[in-house]
Amino acid sequence: MKRTGVFICHCGINIAGTVDVKKVAKELSNHTGVVHSEEYIYMCSDPGQNLIIEAIKENQLDSVVVACCSPTLHETTFRNTVKSAGINPFQCEIANIREQCSWVHKDMEKATEKAIKLTKSAVERVHRNESLDPISIPVTRRALVVGGGIAGIQSALDLANSGYEVILVERSPSIGGHMIQLSETFPTLDCSQCILTPKMVEVSKHPKIKLLTYSEIQDISGYVGNFKVKILKKPTYVDPDKCTLCDECTKVCPVVVPNEFDLGLTGRRAVYMPFPQAIPATYTLDIKSCPGLLPIACGKCADVCEPEAIDYDMKPEIVEEEVGAIIVATGFDLYDKELMAEYGHGKYADVLDGLQFERLCSASGPTTGKILRPSDHKEPKEVVFIQCVGSRDPELHCAYCSKICCMYTAKHAMLYKHHVPDGQAYIFYIDIRSGGKGYEEFVQRAVEEDGALYLRGKVSKIFEDKGKIKVWGVDTLSGKDIEIDADMVVLATAMRPSEGAEELAKKLKIALDKDGFLSEAHPKLRPVESVTPGMFLAGAAQAPKDIPEAVAQASGAAAKAIAILSQERLFHAPTVAKVNVNLCTGCGMCVHVCPYDSLSLKDGKAEVNEVLCEGCGTCSATCLRAAIEVKNLTPLQVNEMIGASLGG
Amino acid sequence: MDPNTYIPKLAKITHIKEEVGGARPIKTFRTQFFENNNFSFKCGQCAMLSVFGKGESMISISSTPLIKDYLQFSILKMGRVTSSLHEKQVEDIIGIRGPYGNGFPVEKWKRKNLIFIGGGIGLAPIWSVLNTALGKREDYGDLTLIYGARTSKDLVFKEELEELRKKMTVHLSVDVEEPDWKEFVGFVPQNVLDKKPSPKNAIAVTCGPPIMIKFVIKALEDLGFKDEQIYTTVENKMKCGVGKCGKCNIGIHYVCQDGPVYSWAELKKLPQEY
Amino acid sequence: MAEEFEPKIVAFLCKWCSSAGSDLAGVSRMEYPYNVVPITVMCSGSISPLYILSAFSRGADGVLVSGCHPGDCHYIKGNFYARRRIALINKLLDFIGLEPQRFQMSWVSAAEGTKYTEIIKDFVKELKPLGPQTKLGRDL
Amino acid sequence: MQKVLTKKSLPQWVKKLLSYTIYTPVEEDDHWNFVATDNPEDINLDYPLTTLSPKKIIFPQREIFLEFCDSTEGNPEVKEVLPAEKSAVIFGVRPCDAKALTFTDKVFGGDFKDIYYWKRRNQTTLVGISCNTPPYTNCFCVSVNGSPYSKEGLDILLTDLGDKYFVETYTKKGEKLLNLAKGLFKSPTAKDKKDLEKIRIDSKKKIKRQIKNIKKIPPKLKEMFDSPFWDEESMSCLRCGICTYLCPTCHCFDINDEITSSSPIKGKRIRTWDTCQFPDFTMHSSGHNPRPDKASRLRQRILHKFLYFVDRYQNYQCTGCGRCISLCPVGIDLLEVLDKVRDYGS
Amino acid sequence: MVSLEDLKKEAKQILKENKVKYIIGYKKSTNGLMPVPAFIKEPEEVEKLVWDPTCVFNLTRYLVDEKRRKTKEKEPDERPVGLVVKGCDSRAINILLQEKFINREDVYLLGVSCENTGVLDEKKLTKKIKGEKVKKVEFDEKDNFIITTQEGKTKIPAKEILANRCLECKANFPVIYDVLLGEKAKRSIDNPFESIEKIESLSTEERWTFWKKQLDKCIRCYACRSVCPMCYCDECVADTISFAVTADTTAEEKAQKIKWVEKSPVSSENFIYHMVRAIHLAGRCIDCGECERACPLDIPLRFLNRKLEKEAKELFGFEAGFDPDQPSLISCFKDEDPEDFIR
């Protein structure tokens, strides 16, 4: 029988005000296996902790229960306390008699009774706890960054500049993400491309960064510190080393498809360079739109390519990499226009989304910086901007706020006015959210200096009529119906997790939130970590955010990754599953349910990879033979806790 | 009315000694009854020890009936009951009922040479006879103990064994070589063959793991011992202790009552179900 | 007057959502009946039907199982397995004639202190008229 | 004492016995069972064979030996729990089941009397009913020194003579029961006695199943301990407890502590039936099992009944009720096994 | 029509060719109506084999014994065991394969189709023929059985004497086999869960009364789990003793065996035992009905398993034992699994 000490914290009056701590101490002193029981005003204080240490030494305690606040707060504290007294930290358990008892009940007698049960339950558990040592694992000191937008670029550079090798994987032919499509950025209105391209070049030139564009994560295995990643490098059919960027190929290519970079406002050829500043600076043959490689149906590009850079035989390549940490920065996509039919997006040429408008404003865009209607290339004189398109609409679309639309719409109105000084910008809004350094001032500038007309209300109908886009709505402040004959409508559509993020999250075993964004481990305290150890989140993949936030989070994620990579070995919680091979029949049901692939069958018996196991215990509940259990929360322990919780 | 044989009497643990540590620990307990201590038994008999809430376990009494003050049990930690016995401390209270079984026919052995051959925890039942013989030293001839365990750490009654050397011949052994071990290295049956006790006017009492007993008997037969000269104890699962529950049944015998002590001659007649 | 029956409830809460949610109820000082004694487990997926049977066998008047909302599981999918398992034991308990009110399952997130409070209040309210659970309680 | 009792008077007699707990065979979902009743009309003596023999009343499947409470303070409290003092009558006991009790009497007697058994045994009066026609397809009492009207173990034996019962008492306990309703019992006429004789002769003839030359079996068994025969015969055995739990003569049990609270430790020491057919029956806590397989367990059952018990108590530990045959889920036929034993090697 | 001669021929063939170690089939009993398991090792013994609607046992259960024997053998005979399987039994094979308890090459399956009929319920038949010895059981293809006794032939409607499970059977022919005897006859069952629905329609208290009466009868002879081909665990969670013990097993491990169920056959423990068994058979029970048949006290155990079979079907679209490659019921899930019971 163990020699357990029980320590009951008053937490000032937080506990002692509702729970008769003296009675708890007395009751517990009579419990089988408890050799010491006392209460104290603040157990977590230095004197409180010393009291525990003294009692351990005096009574040769081998296990400790502290009845106090939630284990999320002081479990670590007290485990360290008992450790300093020479006891294994896993011989300390917390009974939460504050959040679960004193703070939610008023009747002292009843609360005391419950506190006794809670404490006895913890005693029963600790009686059967094993002494455990953290599991030590070596670290592969390289990182993987998925996504080559601003967040991915920032993370990669921070990691590389700290001296760690980085593999940066981008699915499209060039890095740059959505930021490279923007014309100017709020609130400073500096040129987006001008501030991003130096970083992109830095990435391409950085000796520590291995850039894999036109590549996707195919498979991932392993665990924190030791991930094995399989990356599918799609064939570009153009050898970048031979290509001289002469652009002859695009001239002969007979195929024209919508240009993704300009969001379909222009076309591109099947062989193309995404945009002039693309990194890597090379061409890509888009096999989906090419008339066909095998058998070669066209071959014109190869014919004109003098350096013979076009290689139709190029094959997909699987690159295998080992990394210690992973940063996921898969960014966002705009809400599908198909789903926004009520705004006429996709139906009327002059109804644009925010990104398309950015391209219209951009000097590198389809109109070389002139704002012209896609339909007739006329300068629009009246432009309606509509905010919250698809956002904040729990009934029909996304419940959340896409966060950046208020600001970029203000920016759009401003840019429009700068381009078309005699034009009028109308902005339909629900309310304006301009939290952020210089943001509110920026919106005010749009109103005051650039005369943007803010209309509080929703748009009820948009339709084309005689070359105009008619926008009907209501100004809820004045209560008046509004009808605008606009030349152009710009929709601030909702941000969605980028396409394929869900599939990737499944591969990475990162949880998604209800909107499909990647879930952080804790909304406040662990905002850049995923629930899977060693995987971190950056940028809009986690939630809608603007550039400075994305960059900040990217640096945060890099710092978190460095915290892993900077160590030679990592330590993993030892409360993992263990198999009783005598009972295991090798049915494999546990293997099937393990979310971390930590179980496998070996010689007809289940085997735990302790490093992968997170100790969730789903295997244990699945096993029909009680052949697998999680250390220190075994069925026996739970069963005894049930008994104690019911007062027997 | 007949006494209720299933009700244990309460006894206090007065003394605990850790004999063997490690993964297969052995502790020796001494107990005293609460009310009158007159518990007469024969050496080789067993008692049913109770830990309330855990159950009962049949344990052989390792003290000699010549000592009336206490009962002694040496217990290997093995299952539910023995594990909780190992957690007990001095002053803790357990239940005891018995004694059960036939015991060694020590009266018949007077003036004979006695050879005790034990392995591991098997010394416990032997200890009772051995000390009885020592207590009435003049009644018996030569006394020899051949005892072994896996390692020197696994030997029980280590200090007592040293004392014993002054009074009788003691041959110890360990299964595998270890530094500072000056005596026999090898299994107990080999030690028996090595020491060649004489069968003349002798009784051999052997107790230990079943496999050891098997080979000890073979060794003794090789040395010329007759079946009637060899005694051993049988250890079957027991619940009632009084020949009713059927668990320890072998042939027409109930080990708890008709055993546990058998001469090899008797045991040979029983089915091999122990 | 006879003392009012006070049901004994065992609540199996997953550590990451439901236990955190019930802690939040505490932090927010939301009052609820004391009848519930929580047992925090790592994941609702680790709750074996045997735990539920054991609780009833040891005299629980009600048993609550609570985990993260689907999709929110700290362990990605543990609560989906739990949902299946618990559905089956729920049906079985009902089939053998245990009052359906005695066994409940809920999704409570770390932010849903209020929901936890409501669940416990309602649970106690539903259990009171039923009186003590004697059907599966161990009577040795 | 010999009497006759008209069938109509049976309830009247029972009415006089209401201070006793009265058991009678009752049909429940296709099978018969002894159930306590306080309604004299419930007594039913025209029934086949109960699934469980009246052993379950004298030696119940669960018996509380003692209650204990052990807290960290003070001495453990141990309280002996004895069966309630209440006399009982079991109506309709089949002669084979009554005879079985004479075997358990031997086991639970001896140097250490089992007071739980004897308390129930002594306070229970057994009223038997002769088997004028075999109540069960697998009856073979005659082969094991029994008969359909055996009086062994019974206090009273009733024999159905059509409209009345022929009543014989063998013990004081039995006579006492008659004396409680003296007026209902008449002295038997010569015809009654003649009818009785005839019925008895007929009833023996009606028993179809039998073991020929049973005397040859024990010596044969003695030689067959190591025979591969047991492996063959046990192939289909499932290691369930039906044959032994339903056997009126089987008496093996287990004792366990069952607790309701672990601090303080409160609980009961409980005896439950156990069977040599369960693998854990003989398993040592070391994991060593002297009877590790189905073959050795089937052998134990047969040898115990037809060799060891015979050696110890000079009787087969079998009364020929046939339950183990009829209810074995895989049709292991004791009589077929014994036939094979007898003819083994010849 | 399944021809017994074909079965014998096939059995003889595989024994002669040494293709199988032995064959588990059915032979005539020396007593009672129902045939008993036969373990046929020699080709000449094949004549003992019988097959008719009285062959009720699910012989797959003996694969558990076979596996235990084999693991003990130093040089095990790797040949398969020949096994006669009906439709329901063959589903058990699929579960054993699914749970990797056996490999496909461990068994040679002599599949026999029940075609449009099923097997008889011994108790129902006994009542009908009142103690007469049955000589022959045939099916006349018109929903009737022809029972031949010494008194002559009797025609009994199938519905009146078929085993309960057969009245609700979905697998009237083997779903996995090496040889198939008989036809893969199509048949329709109006309501496969009719018997369950009767109990479901009772009120909570009526259901409780029903089960209490039934389970209070239990004497814990464990015939239900002994006869079940799915109850192959070395150590049952319902046992209070540690079975799977080796020399390395520590005393603590043995001492800490959880007592989920006490040995006392009292109401509460009986309930827990049978519920644990039911829950452990969820998604695994293939409704061979053996537990119910073996029960000496006629507890309708099949209902417990059948209930969960019904729920698995209705809630999760899951049916056990038709596909050895599908994950088992509780080791998979669907996003759309119902959660209307969850608050």
Side-chain angles (χ1 to χ4, degrees), chain D residues 28-31 33 51-52 56 61-62 64 137-138 209 231-232 234-246 254-256 258-259 268 270-275 277-280 283-289 292-294 322-323 325-336 339, chain E residues 22 24 29-39 57 59 61-62 65 68-69 72 123-124 126-127 131 213-214 217 219-228 235 239-247 249 251 254-255 259 262-266 269 290-291 293-300:
Chain D
E28 299 174 324
D29 315 326
D30 283 358
H31 69 268
N33 189 18
T51 307
L52 284 158
K56 69 154 198 174
Q61 187 171 6
R62 174 173 186 264
I64 300 167
T137 46
N138 286 309
R209 300 218 71 192
D231 291 311
E232 289 295 316
S234 63
M235 281 291 272
S236 59
C237 173
L238 299 172
R239 69 172 194 189
C240 75
I242 290 180
C243 49
T244 46
Y245 276 9
L246 303 187
D254 198 11
I255 307 171
N256 282 295
E258 298 185 353
I259 61 168
K268 290 168 184 164
I270 289 165
R271 158 160 81 193
T272 49
W273 289 353
D274 204 346
T275 157
Q277 298 305 296
F278 286 166
D280 62 334
M283 198 178 93
H284 297 189
S285 48
S286 66
H288 168 65
N289 197 343
D293 49 23
K294 298 193 295 188
R323 286 185 180 90
I325 305 173
S326 297
L327 288 162
C328 175
V330 291
I332 295 177
D333 182 349
L334 177 73
L335 297 182
E336 188 199 2
D339 278 344
Chain E
Y22 58 93
I24 312 175
S29 161
T30 48
N31 147 69
L33 301 172
M34 302 310 197
V36 294
F39 300 84
F57 303 161
L59 301 172
R61 197 257 159 232
Y62 292 109
D65 290 345
R68 289 212 175 103
R69 259 196 304 273
K72 277 185 201 155
K123 281 168 191 143
K124 291 184 193 171
T126 310
K127 271 193 190 164
K213 181 169 172 255
Q214 292 299 337
K217 294 194 290 194
I219 55 167
R220 302 270 281 281
C221 66
Y222 296 126
C224 45
R225 86 172 178 205
S226 305
V227 79
C228 177
E235 180 176 312
D239 281 323
T240 50
I241 188 172
S242 311
F243 259 112
V245 168
T246 66
T249 314
K254 286 179 262 183
K259 286 181 167 186
E262 293 285 7
K263 224 169 171 175
S264 280
V266 294
E269 306 311 290
E290 285 287 84
C291 45
R293 182 188 65 80
C295 181
L297 291 140
D298 300 324
I299 303 170

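Here the structure is a predicted model, which means the values were calculated and not measured. Quick note: numbers below take in every heavy atom, side chains included, and nothing from hydrogens, waters or symmetry partners. Protein chains get the first letters and strands the later ones, always in sequence-line order, with residue 1 at the start of each.
Per-residue heavy-atom pair counts under 4.5 Å with chain E were compared for D:Val330, D:Thr244, D:Ile270, D:Leu335, and the maximum is reached by D:Val330. No other option in D:Ile325, D:Thr272, D:Thr275, D:Leu327 has as many heavy-atom pairs under 4.5 Å with chain E as D:Thr272. Ranked by non-hydrogen atom pairs under 4.5 Å with chain D, the options E:Lys263, E:Arg293, E:Lys213, E:Lys127 are led by E:Lys263. Of the residues considered (E:Ala38, E:Ala244, E:Ser264), E:Ser264 shows the highest number of contacts with chain D, using heavy-atom pairs under 4.5 Å. Looking only at heavy-atom pairs under 4.5 Å with chain E, the residue among D:Asp339, D:Asp29, D:Leu52 that has the most is D:Asp29. For chain E, the option among D:Glu28, D:Met235, D:Arg62 with the highest count of heavy-atom pairs below 4.5 Å is D:Met235. Across D:Ser285, D:Cys243, D:Cys328, the residue that shares the most heavy-atom pairs under 4.5 angstrom with chain E is D:Ser285. Note: D:Thr51 leads D:Asn33, D:Ile332, D:Thr51, D:Asn289 in heavy-atom pairs under 4.5 Å with chain E. Between chain D and the residues E:Met34, E:Arg69, E:Glu290, E:Arg225, the largest count of heavy-atom pairs under 4.5 Å involves E:Arg69.
Only the side chain of D:Arg209 comes within less than 4.5 Å of a heavy atom in chain E; its backbone stays farther off. Both the backbone and the side chain of D:Ser236 come within contact range of chain E, judged by heavy atoms closer than 4.5 Å. With a 4.5 angstrom heavy-atom cutoff, D:Lys294 touches chain E only via side-chain atoms. Proximity to chain E (any heavy atom under 4.5 Å) is shown, for D:Gln277, by neither the backbone nor the side chain. Interface remark: D:Asp254 contributes side-chain atoms only to the contact with chain E (heavy atom separation under 4.5 Å). Only the side chain of D:Leu246 has a heavy atom closer than 4.5 Å to any heavy atom of chain E. With a threshold of 4.5 angstrom between heavy atoms, E:Phe243 approaches chain D through its backbone and through its side chain. The parts of E:Ile219 that come within reach of chain D are both its backbone and its side chain, each placing non-hydrogen atoms under 4.5 angstrom from that chain.
Contacts of E:Ser242 classified as side-chain contact (heavy atoms from CB on, under 4.5 Å), with partners at least two apart in sequence or in another chain: E:Glu235, E:Val245, E:Lys254, E:Lys257. For the side chain to side chain donor-acceptor pair (under 3.5 Å) test, residues two or more places apart in sequence or in another chain that qualify with E:Glu269 are C:Arg138.
Taking the charged nitrogens against the carboxylate oxygens, E:Lys72 and D:Asp293 have no contact shorter than 4.0 Å, which rules out a salt bridge.
With hydrogens and angles ignored, the 3.5 Å screen pairs no side-chain donor or acceptor of E:Tyr222 with any backbone N or O of D:Gly241.
Of all heavy-atom pairs spanning D:Leu238 and E:Arg61, the tightest one is CD2-CD, 3.3 Å. Contact detail for D:His31 and E:Leu297: the closest heavy-atom pair is CE1-O, 3.1 Å. Minimum interatomic distance between E:Ala223 and D:Cys240 (heavy atoms only, all atoms of both residues): CA-CB, 3.4 Å. Across D:Met283 and E:Ile241, no two heavy atoms sit closer than the pair CE-CD1, 4.3 Å.
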